[in-house]
Peer 1: 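Could you have a look at this structure, given as structure tokens, before my questions?
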Amino acid sequence: MRAIDLRPGPEGHAAPVTDVAFRPDGKRLATCSYDGTVLLWDVTAPARPRPLTRLHHRRLVNSARWNPVRPDVLATASADKTVAVWRIPEHPDARRPELITVLARHTDDVNAVAWMPDGHRLICVSEDGRATLWDTRTGTFEGEVGSHTAHCMMVSVSRDGLVATVGEDGLIAVRDPDRPDRAAEYRSTASVEGCAWSHDGRTLAITRDDGVAELLTPRLAVRRSVTVAGTAARAVAWAEDDSSFVVGAYDGCLHVFDADGTRRHRFGDPRMWPRSVTVAPGGVAAVGSFWNGPHLVDLTTATSLSEPTAPNHGPNAMAVLGGELLVGCDSGTVIAFDPDRDGPERPRLLPVSDSPVLSLTTCGPDFYAGTYAGYVHRCNDEGELLAVSNRLGAPVPSLCRVDDRRLVAGTYNGALIGLEATSLAEVGRGAPHEGSVKSLVPFAGGFASAATDRTLAVGSLRDRSVLWEHGNLVNAVATLDDRIVATVSRDHTVKVGLVERGDDGEGWQVVHRQTLLGPDESVKCVSLLGDPDSPVVLAGSYDFGVYRWRTDWAHGTDLASGRLVDEFRQGVSCMHRIDARRVAVAGWDGQILVVGLDAAGEVRVLRRFDVDMLVRRARQAVWAVAS
């Protein structure tokens, strides 16, 4: 397994911050990131956090937790399927952190960890749904504490050893590894992604994808239910004295409540990524960010104490407008440049939003950007804002044009929303997916949609047919000539099918379909090139590789392995077909490749670009004009 190589700068992370964890005394903060590192900060003065030292994993880091007994010990969990346990010196300038042990027998990405009260046993929860118990003194696996039928997202341990786990299956489970008779389960009506025991161990707070937070007893009776936001409530943490709790939601805000559920404050910043929140003694909260470091907030006054210093330009989406390639970034900027020029092209920076751009599409002379903040922006080719939709209730990871009058937006909550192309007024809603709509593309006068509910569907807003399912969430869909559809999934496979209208002229049916073996990690994005009778499938993976398959409907076989085309220094994030023979491919490391078919029909890399270089050139061009 290759390691992420994002070459972070000295002042922070080179990719979004995924998790935050205060040391029990509140003087140190650990932040985890997509850049594969954990950064330790001195936060003795919260207004001036100071980075101290960096720890490394081979993939993105999902979680970090300090030991409750030995405050110099930190556990970190990663998508490289390991948990590392470190000894952190008080003054890392004088002595480097020491790796104590690695828990390396996990079968899938590790999402979260929590220490047992004894300080040597650790609970780990992962994408395979399992909650496992480990002895960190010996690295010994001690068994399963519980399991979920979908991804297990978070774990919290009470002061008397009750282990709470929550998952995308809506299950909240409480177990005691030392007393099997102390067990309870509660099934929520929505996916549950966050949980935290109060410090006294009497109340479990959980956060749900429908924007609700619940306060539960140790036997999982509901004490109180609180509507936090109109979008997913993701993370939760308690104040030191349990007088209040704070919820991070996908509206980009922290929501502070009294222990009885009365709302105190709401604090928002479009740069925040509140998938994680932690509270230190004294009421200082840290929250994740799309920028290069954490946000620190005073919960008593709901005011900012310190903010990250620089944006990250990780690419999330691409489109083509007027011969330029548009790249939507975590910074909220769209980068526009000519993909046919190798020389000193003059790229342009179009500041669309303060919130990350998650999706892009075009219509006529305009482009449209779906944002993490839940809005769709319509801009002209100069980046001037022409219209903004109403808030669609959740982040917008997918967007496509249906015709010259309509767009469809897909949200994190699973909604399919029709928008009028000029005003961006809502014109209708379709039957939602039961999970985030990850990808939308035009298809036969309608559109195809791929979602975390494992399905691919095609049709119009109100009349849709499920064509097939994967064994795990579907990350992306691509189409070719209104006949070929391809999907990629976290189950490591690519499915490609030849589809046609049903015999009655209604609905769709699959004439041929092949399942292609992808790499050994989640396949993130897909595109199709060439002749529909023998299309070339391109797919990018979290293993950093771009792969290709040539489909032959007459003689093709299932389970064909892809051939590696090229590699990035991080996961491959998105693809967009430039024309019938070329595709733009972007990675979270900031590389952008133009990949195409040569005269012999072979796939090769035609051009390479770097996002950071494009940003520097664009700024230099602006400075040159200004001077």
Side-chain angles (χ1 to χ4, degrees), residues 21 24 63-71 73-75 77 83 85 101 103 105-108 110-188 192-208 213-224 235-238 240 242 245 259 278:
S63 178
R65 289 296 180 269
W66 296 90
N67 191 295
V69 177
R70 298 190 56 184
V73 173
L74 179 73
V83 173
V85 181
T101 190
L103 311 177
R105 291 166 55 198
H106 300 278
T107 63
D108 212 332
V110 186
N111 286 329
V113 291
W115 290 96
M116 294 294 290
D118 57 27
H120 65 261
R121 291 181 297 170
L122 189 70
I123 305 290
C124 308
V125 301
S126 68
E127 293 278 284
D128 62 10
R130 301 165 68 220
T132 52
L133 179 66
W134 303 75
D135 188 328
T136 61
R137 296 170 300 183
T138 61
T140 304
F141 170 67
E142 295 200 337
E144 286 193 19
V145 179
S147 63
H148 292 253
T149 57
H151 301 161
C152 192
M153 300 303 296
M154 183 57 66
V155 57
S156 180
V157 178
S158 72
R159 69 177 188 179
D160 60 349
L162 282 178
V163 177
T165 61
V166 299
E168 290 185 346
D169 56 0
L171 179 67
I172 302 103
V174 169
R175 299 284 189 272
D176 186 337
D178 301 318
R179 290 181 53 187
D181 59 304
R182 299 177 73 194
E185 290 188 355
Y186 167 54
R187 182 76 64 170
S188 169
V192 184
E193 298 199 12
C195 66
W197 286 103
S198 59
H199 295 280
D200 64 13
R202 297 178 181 176
T203 305
L204 177 68
I206 63 103
T207 50
R208 311 190 327 195
E214 290 184 320
L215 304 182
L216 310 173
T217 69
R219 299 296 301 175
L220 299 183
V222 179
R223 282 186 171 144
R224 191 167 302 276
V236 60
W238 289 86
E240 182 184 25
D242 290 336
F245 63 94
T278 182

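A quick note: this is a predicted structure, and the numbers were derived from the prediction, not measured.
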Peer 1: Taking all heavy atoms of Val113 and all of Ala77, pick out the closest pair and write down the distance.
Peer 2: CG1-CB, 3.8 Å

Peer 1: Can you tell me how far apart CZ (Arg65) and OG (Ser156) are? Round to the nearest 0.5 Å.
Peer 2: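 Result: 8.0 Å between the selected atoms.
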
Peer 1: Looking at Ala196, is its backbone amide N or carbonyl O close enough to the side chain of Trp238 to form a donor-acceptor pair, meaning the two atoms are under 3.5 Å apart?
Peer 2: yes

Peer 1: Show the nearest heavy-atom pair for residues Ala237 and Thr278, with the distance to one decimal.
Peer 2: CB-CA, 4.2 Å

Peer 1: Quick one: closest heavy-atom pair of Arg175 and Ala184, and the distance?
Peer 2: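 Looking at all heavy atoms of both residues, the closest pair is NH1-O, 3.4 Å.
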
Peer 1: What verdict does the side chain to side chain contact (heavy atoms under 4.5 Å, CB included) test give for Glu168 and His148, after you've listed the backbone C-alpha separation in whole Å, the side-chain angles of each residue and the deciding distance to 0.1 Å?
Peer 2: CA-CA 8 Å; Glu168 290 185 346; His148 292 253; over 6 Å; no

Peer 1: Roughly how far, to the nearest 0.5 Å, is the OG1 atom of Thr132 from the CD atom of Glu144?
Peer 2: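 Atom-to-atom, Glu144:CD and Thr132:OG1 are 7.5 Å apart.
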
Peer 1: Do Thr101 and Trp134 come within less than 4.5 Å of each other through their side chains, counting heavy atoms only?
Peer 2: no

Peer 1: Closest approach of Val166 and Cys195, non-hydrogen atoms and distance?
Peer 2: CG1-CB, 3.8 Å

Peer 1: Run the side-chain hydrogen bond (donor to acceptor under 3.5 Å, both in side chains) test against Arg182 and tell me which residues pass, sequence neighbours left out.
Peer 2: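 Partners of Arg182 by the side-chain hydrogen bond (donor to acceptor under 3.5 Å, both in side chains) criterion, ordered by chain and then number, come out as Asp160, Asp176.
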
Peer 1: Measure the CZ-CG distance between Arg224 and Leu216 for me, rounded to the nearest 0.5 Å.
Peer 2: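 Here the interatomic distance stands at 12.5 Å.
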
Peer 1: Checking the side chain of Arg219 only, and the main-chain atoms of Ala183 only, is there a donor and an acceptor separated by less than 3.5 Å?
Peer 2: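 Yes, Arg219 side chain to Ala183 backbone: donor-acceptor pair under 3.5 Å.
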
Peer 1: Before you tell me yes or no, could you show the steps for Met153 and Val192 under side chain to side chain contact (heavy atoms under 4.5 Å, CB included), namely the whole-Å CA-CA distance, both residues' side-chain angles and the distance that decides it to 0.1 Å?
Peer 2: CA-CA 8 Å; Met153 300 303 296; Val192 184; over 6 Å; no

Peer 1: Do the non-hydrogen side-chain atoms of Leu204 and Ile172 ever get within less than 4.5 Å of each other?
Peer 2: yes

Peer 1: Under 6.0 Å from the CZ atom of Arg202, do we count more than 12 heavy atoms belonging to anything else shown?
Peer 2: no

Peer 1: Would you check if Leu162 and Trp197 make a side-chain contact, meaning some heavy-atom pair closer than 4.5 Å?
Peer 2: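 Of all side-chain heavy-atom pairs linking Trp197 with Leu162, at least one is under 4.5 Å.
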
Peer 1: Do any N or O atoms from the side chain of Thr140 and from the backbone of Asp135 form a donor-acceptor pair under 3.5 angstrom?
Peer 2: no

Peer 1: Any side-chain to backbone donor/acceptor pair from Thr165 onto Val155? Under 3.5 Å, distance only.
Peer 2: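 Judged by distance alone, no pair lies under 3.5 Å.
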
Peer 1: Just how far is it from atom CZ of Arg121 to atom CG of Asp118, taken to the nearest 0.5 Å?
Peer 2: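 Rounded to the nearest 0.5 Å, the CZ-CG separation comes to 4.5 Å.
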
Peer 1: Give me the atom names and distance for the closest heavy-atom approach of Ala114 to Val157.
Peer 2: CB-CG2, 3.7 Å

Peer 1: Would you mind reporting whether Thr203 and Phe245 have side-chain heavy atoms less than 4.5 Å apart?
Peer 2: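 With C-beta onward as the side chain, the pair stays apart.
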
Peer 1: Using the test ring-ring contact (aromatic ring centres under 6.0 Å, His included), find all partners of Trp66 that sit at least two apart in sequence or belong to another chain.
Peer 2: none

Peer 1: Yes or no on side-chain hydrogen bond (donor to acceptor under 3.5 Å, both in side chains) for Asp169 and Thr149, after CA distance, side-chain angles and deciding distance?
Peer 2: CA-CA 6 Å; Asp169 56 0; Thr149 57; 3.2 Å; yes

Peer 1: Using 0.5 Å steps for rounding, measure from the CZ atom of Arg187 to the CG atom of Leu220.
Peer 2: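 Rounded to the nearest 0.5 Å, the CZ-CG separation comes to 12.0 Å.
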
Peer 1: Side chains of Arg130 and Thr107, heavy atoms from C-beta outward: is any pair under 4.5 Å?
Peer 2: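 Answer yes - side chains close enough.
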
Peer 1: Could you check whether any side-chain N or O of Arg159 sits under 3.5 Å from a backbone N or O of Asp200, counting only pairs where one atom can act as donor and the other as acceptor?
Peer 2: yes

Peer 1: Pick one: which of Glu193, His151, Glu127 meets side-chain hydrogen bond (donor to acceptor under 3.5 Å, both in side chains) with Asn111?
Peer 2: Glu127

Peer 1: Considering only heavy atoms from C-beta outward, does the side chain of Trp115 approach that of Val69 to under 4.5 Å?
Peer 2: no

Peer 1: Which atom pair, heavy atoms only, marks the closest approach of Ser126 to Asp108?
Peer 2: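 Taking Ser126 first and Asp108 second, the nearest heavy atoms are CB-O, 4.1 Å.
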
Peer 1: Could you check if a side-chain atom of Val163 sits within less than 4.5 angstrom of a side-chain atom of Pro177, using non-hydrogen atoms only?
Peer 2: yes

Peer 1: Between atom CG of Asp178 and atom CE of Met116, what is the distance when rounded to the nearest 0.5 Å?
Peer 2: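 One finds 5.5 Å between CG of Asp178 and CE of Met116.
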
